[in-house]
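To start, the structure under review is shown below, and the notes come after it.
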Amino acid sequence: MKETKIVANVNNVTRTLIWRYIQSKGITLNKFCMDAKLHQSNIHVFLKGGSINTRTIERIGKFLDQNK
């Protein structure tokens with residue numbers, strides 16, 4: 001089932017989207033977190049392989065969608 005693979009990969013997709021946004025805007029992780037109103041330490045751990053909750057993933061998605 002494709003849907004289960006998508007759900008299983010949501011963290012990796014989110015990590016990739018964050019890195020692409022940071023690189024395309026030429027900003028730091030700290031700037032991204034400040035703009036998105038996220039805790040930098042949590043996002044740093046997440047980008048290094050940790051996890052975050054679904055609500056945070058939703059906030060990241062909304063921020064990236066609004067700031068294309």
Side-chain angles (χ1 to χ4, degrees):
M1 291 188 199
K2 276 186 166 181
E3 293 85 6
T4 55
K5 283 189 175 189
I6 291 170
V7 171
N9 290 323
V10 71
N11 284 340
N12 289 332
V13 170
T14 304
R15 284 183 189 100
T16 300
L17 290 172
I18 292 170
W19 282 120
R20 284 183 185 168
Y21 181 84
I22 288 171
Q23 291 174 346
S24 71
K25 300 293 184 182
I27 61 173
T28 64
L29 176 59
N30 189 50
K31 172 79 170 130
F32 169 77
C33 291
M34 286 174 50
D35 292 347
K37 296 178 178 59
L38 301 166
H39 293 282
Q40 192 268 346
S41 59
N42 293 344
I43 302 305
H44 181 266
V45 169
F46 172 67
L47 291 175
K48 297 298 180 185
S51 62
I52 54 176
N53 63 44
T54 305
R55 186 172 45 191
T56 303
I57 290 174
E58 289 173 359
R59 288 176 65 193
I60 291 168
K62 286 179 183 178
F63 174 80
L64 293 175
D65 188 46
Q66 293 171 352
N67 294 281
K68 293 179 185 176

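Small disclaimer: the values here were computed from a predicted structure and weren't measured.
Leu17 and Ile60 fall within a single hydrophobic cluster, where Ile, Leu, Val, Met, Phe, Trp and Tyr are joined by side-chain heavy atoms under 4.5 Å apart, directly or via other members.
Leu29 and Gln40 make their closest contact through CD2-NE2, 3.6 Å (heavy atoms, listed as atom of the first residue, atom of the second, distance). Taking all atoms of both residues into account, the shortest heavy-atom contact from Asn53 to Thr56 is OD1-N, 2.8 Å.
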Could you go through residues 18-27 and list every donor-acceptor pair under 3.5 Å that involves a side-chain atom there, pairing it with any protein atom two or more places apart or in another chain?
unit_1, atom_1, unit_2, atom_2, d
Ser24, OG, Arg20, O, 3.2
Ser24, OG, Tyr21, O, 3.0

Please tabulate, for side-chain N and O atoms in residues 61-68, each donor-acceptor pair with protein atoms closer than 3.5 Å (sequence neighbours left out).
unit_1, atom_1, unit_2, atom_2, d
Asp65, OD1, Lys68, NZ, 3.2
Asn67, ND2, Phe63, O, 2.7

Checklist entry - Hey, mind stepping through Asn11 and Thr14 against side chain to side chain donor-acceptor pair (under 3.5 Å) and telling me if it holds? => result CA-CA 5 Å; Asn11 284 340; Thr14 304; 5.4 Å; no

